[in-house]
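The figures that follow rest on heavy atoms only: side chains count, while hydrogens, waters and symmetry mates do not.
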Amino acid sequence: MANEEDDPVIQEIDVYLAKSLAEKLYLFQYPVRPASMTYDDIPHLSAKIKPKQQKVELEMAIDTLNPNYCRSKGEQIALNVDGACADETSTYSSKLMDKQTFCSSQTTSNTSRYAAALYRQGELHLTPLHGILQLRPSFSYLDKADAKHREREAANEAGDSSQDEAEDDVKQITVRFSRPESEQARQRRVQSYEFLQKKHAEEAWVHLHYYGLKDSRSEHERQYLLCPGSSGVENTELVKSPSEYLLMLMPPSQEEEKDKPVAPSNVLSMAQLRTLPLADQIKILMKNVKVMPFANLMSLLGPSIDSVAVLRGIQKVAMLVQGNWVVKSDILYPKDSSSPHSGVPAEVLCRGRDFVMWKFTQSRWVVRKEVATVTKLCAEDVKDFLEHMAVVRINKGWEFILPYDGEFIKKHPDVVQRQHMLWTGIQAKLEKVYNLVKETMPKKPDAQSGPAGLVSGDQRIQVAKTKAQQNHVLLERELQRRKEQLRAPAVPPGVRIKEEPVSEEGEDNDDEEEEPMDTSPSGGLHSRLANGLPPGRAVGTDSFNGHPPPGCASTPVARELRAFVEATFQRQFVLTLSELKRLFNLHLASLPPGHTLFSGISDRMLQDTVLAAGCKQILVPFPPQTAASPDEQKVFALWESGDMSDQDCCVSYGGMWYLKGTVQS
């Protein structure tokens, strides 16, 4: 109180906020000059600005008649910059340094606390500043002088060299092809210093007109620094409490926050996250976590957040799988992105990941080979899909990473029903794109039916073994009947046909993890086949070398595959399995999307079709230390082409039969 009495208020001044030039007013800070000279007295030859960068260049005249001006030095600088010959491109047309350029730089990035004040008739009018720029002399003319000097030296060296000198030696160059740029690499490139400098250089200059202090246009613009009226609408912003008024005049500094290092992309700050809108919080959390129960999401967002709003937001960025939320594929793979492993576009990646998510709505377990066969994606992409939402189990496959959330299913039946309808639409789309066989599709999706319908891998294997034992008698009777039907010998004497036992299901596993073997009843039958048929049919019949059981060729896939095999062997009578697979892949590439052959053709199915098309596998004596792969050692020949030359197309050598002029060991 004593201090207030010693410092009484002697005058009250009304303060007004003028906003007419709030987004256009800049403060220029010129270099220090003598008090007797102002920059308004110096002619401004030109001015230009880059608005986005807030960069200004002013060109001002130099008084060459001033006694302090050194004329000889000015002539020397002009000669060094422009040379002896003056033209339109010369910097100093008068052959004398008669002007100087000033370039601006920002003094501060936060100008919200600065304003220009104009005191008039007992009123103080404030106009916020849009930018504060410091003007410094530019010495770009020295760079031009150095460039001219280097050009003259290069010209002198070229003139001294002999004109009869031989041409330069041919230099070897290296051509490199860049890989497809990933999203992370693109972001790093955009944030690099070189890219920012290039963008700044590309911005066009906007030329300005300079008006002096006493110019009528300047006097007119200066009126905008005054508030239109003391009781106008513009002044309502100043009718605030003292604390709010001080906060407007001196807002908290944000420079320290901007100077903080940026956290890595895989680190999520919860303090920064809660400053974002709710929809962005949910999207960022799901994009980082990939799979999350609804209860965990609510605990991360905080107790004050409405669960209904969170439910609305989560359905925009995630799908319900076994009571848990899995981020949508288009959130992880935006439209213009591609696979970092194979370069596959985002649309194909989203479709493949949706298939994996849909498989987990049907069962707790997924086999990676099955996903790769259906989606036709590389192993790395499929593994990324599975690692987002599952964990690998030895000898079982991939299990969904979170337990079934029955509590959420019971609490939100409307959300579950809506998600079920979405999955039904996705299932129909996947059936159309991947041409999934109806028999392999589950009759009723059990994703939200409860944990009672979940069966572990061990239980599935045990059930399959039980069914195989029950059907063993029926299978033996079927094999015996086929043996009796096919007793007529059809293999010419002296011909040796190579027989290779089919490996047990699951032994040819090129995945990094062990996955479950097929223990269906047909598995025991196929394990006894040779060239696709039971060993009982190998008793000297023509069907020994490959005719499949009746009815197998009735499906559209089998008919299409057989048509391809017959057409291929009509053109090339002898092919290895490796070459046949290569031709088949080329044939697939020429087919339109959704063709029946895209449903997945195994090596065994291809070999069976070859043998059923009138071809036989012949034994080629490869050396013991051969470098040929197993597929290259399997040689198939067209045995029955349907014409009279079938019996004259082979030759016997060393107890084995070969096609004439075709097979070379």
Side-chain angles (χ1 to χ4, degrees), residues 278-302 305-334 349-366 371 374-375 382 384-391 397-434 436 441-456:
L278 179 60
D280 293 340
Q281 294 185 44
I282 297 174
K283 181 178 180 180
I284 293 174
L285 283 172
M286 292 305 304
K287 189 174 182 180
N288 282 268
V289 183
K290 308 293 191 305
V291 185
M292 189 186 305
F294 186 75
N296 290 12
L297 179 62
M298 289 299 300
S299 64
L300 290 174
L301 294 176
I305 303 298
D306 183 17
S307 61
V308 177
V310 177
L311 275 176
R312 285 197 298 265
I314 190 66
Q315 295 182 67
K316 297 179 182 179
V317 297
M319 296 291 293
L320 191 64
V321 178
Q322 299 188 21
N324 301 282
W325 291 98
V326 182
V327 65
K328 289 184 177 180
S329 301
D330 55 358
I331 301 296
L332 295 179
Y333 303 106
L349 293 176
C350 291
R351 192 163 56 232
R353 188 174 181 274
D354 287 344
F355 177 76
V356 175
M357 293 169 61
W358 172 80
K359 291 292 289 181
F360 277 119
T361 64
Q362 312 301 316
S363 173
R364 291 282 302 173
W365 301 88
V366 167
V371 176
V374 174
T375 60
V382 176
D384 284 349
F385 299 159
L386 293 171
E387 287 178 343
H388 289 168
M389 64 192 81
V391 292
W398 291 80
E399 183 184 12
F400 193 69
I401 193 171
L402 293 178
Y404 184 86
D405 192 352
E407 181 180 354
F408 179 84
I409 299 296
K410 296 177 182 178
K411 190 175 181 180
H412 304 281
D414 54 337
V415 177
V416 175
Q417 180 63 23
R418 192 179 302 112
Q419 289 292 310
H420 173 67
M421 296 174 61
L422 291 176
W423 277 120
T424 303
I426 293 175
Q427 175 180 339
K429 181 179 178 181
L430 293 175
E431 290 179 8
K432 182 178 179 180
V433 173
Y434 293 129
L436 301 178
M441 306 289 290
K443 296 181 180 179
K444 294 182 180 180
D446 60 347
Q448 325 301 346
S449 60
L454 302 177
V455 182
S456 66

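- The shortest side-chain heavy-atom distance between F360 and V356 falls under the 4.5 Å cut-off.
- How far CD1 of I409 is from CD of Q419: 9.5 Å, rounded to the nearest 0.5 Å.
- Distance check, rounded to the nearest 0.5 Å: CE of M319 to CG of L422 gives 4.5 Å.
- At a threshold of 4.5 Å between non-hydrogen side-chain atoms, the residues L430 and W358 count as touching.
- Here the shortest heavy-atom pairing between G352 and T375 reads CA-CG2, 3.9 Å.
- At a threshold of 4.5 Å between non-hydrogen side-chain atoms, the residues F385 and L349 count as touching.
- Atom-to-atom distance recorded for F294:CZ and L297:CG is 6.5 Å, nearest 0.5 angstrom.
- K283 has its side chain out of reach of K316: every pair of non-hydrogen atoms, C-beta onward, lies at least 4.5 Å apart.
- Note that the CG atom of L402 and the CG atom of N296 stand 8.0 Å from one another [nearest 0.5 Å].
- Atom CD1 in I305 sits 7.5 Å away from atom CE in M298 (nearest 0.5 Å).
- Within a 6.0 Å radius of CD in E407, no more than 12 heavy atoms belonging to other residues, nucleotides or ligands are found.
- Residue I284 comes nearest to N288 through the heavy atom pair O-ND2, 2.7 Å, listed as atom of the first residue, atom of the second, then distance.
- In this structure, Y434 and F355 have perpendicular ring planes: the angle between them is above 60°, well past the 30° mark.
- For the side-chain contact (heavy atoms from CB on, under 4.5 Å) criterion with V326, the lone passing option out of H388, M389, M292 is M389.
- Using a distance-only test at 3.5 Å, with no hydrogens or angles considered, a donor-acceptor pair links the side chain of N324 to the main chain of P403.
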Next on the checklist: Could you walk me through whether K328 and M357 satisfy the side-chain contact (heavy atoms from CB on, under 4.5 Å) test, starting with their C-alpha distance in whole Å, then the side-chain angles of each, then the deciding distance to 0.1 Å, before giving a yes or no?
Outcome noted: CA-CA 9 Å; K328 289 184 177 180; M357 293 169 61; 5.9 Å; no
Checklist entry - Checking side-chain contact (heavy atoms from CB on, under 4.5 Å) for the pair W423/V321: CA distance, chi angles, key distance, verdict? => result CA-CA 10 Å; W423 277 120; V321 178; 3.8 Å; yes
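- No side-chain donor-acceptor contact under 3.5 Å links Q417 to the backbone of H412.
- A 4.5 Å side-chain heavy-atom check between K290 and L332 finds at least one atom pair inside the cut-off.
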Next on the checklist: Before you tell me yes or no, could you show the steps for F408 and L320 under side-chain contact (heavy atoms from CB on, under 4.5 Å), namely the whole-Å CA-CA distance, both residues' side-chain angles and the distance that decides it to 0.1 Å?
Outcome noted: CA-CA 10 Å; F408 179 84; L320 191 64; 3.8 Å; yes
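- Counting heavy atoms from C-beta outward, V291 and Q322 have side chains that stay 4.5 Å or more apart.
- Residues Q315 and W325 are in side-chain contact: their nearest non-hydrogen atoms beyond the backbone lie under 4.5 Å apart.
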Next on the checklist: Would M286 and I331 count as a side-chain contact (heavy atoms from CB on, under 4.5 Å) here? Give the steps.
Outcome noted: CA-CA 9 Å; M286 292 305 304; I331 301 296; over 6 Å; no
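- Between I401 atom CD1 and L386 atom CG the span is 11.5 Å, to the nearest 0.5 Å.
- Residues I282 and L301 are in side-chain contact: their nearest non-hydrogen atoms beyond the backbone lie under 4.5 Å apart.
- For S329 against D354, the heavy-atom pair with the smallest separation is OG-OD1, 2.9 Å.
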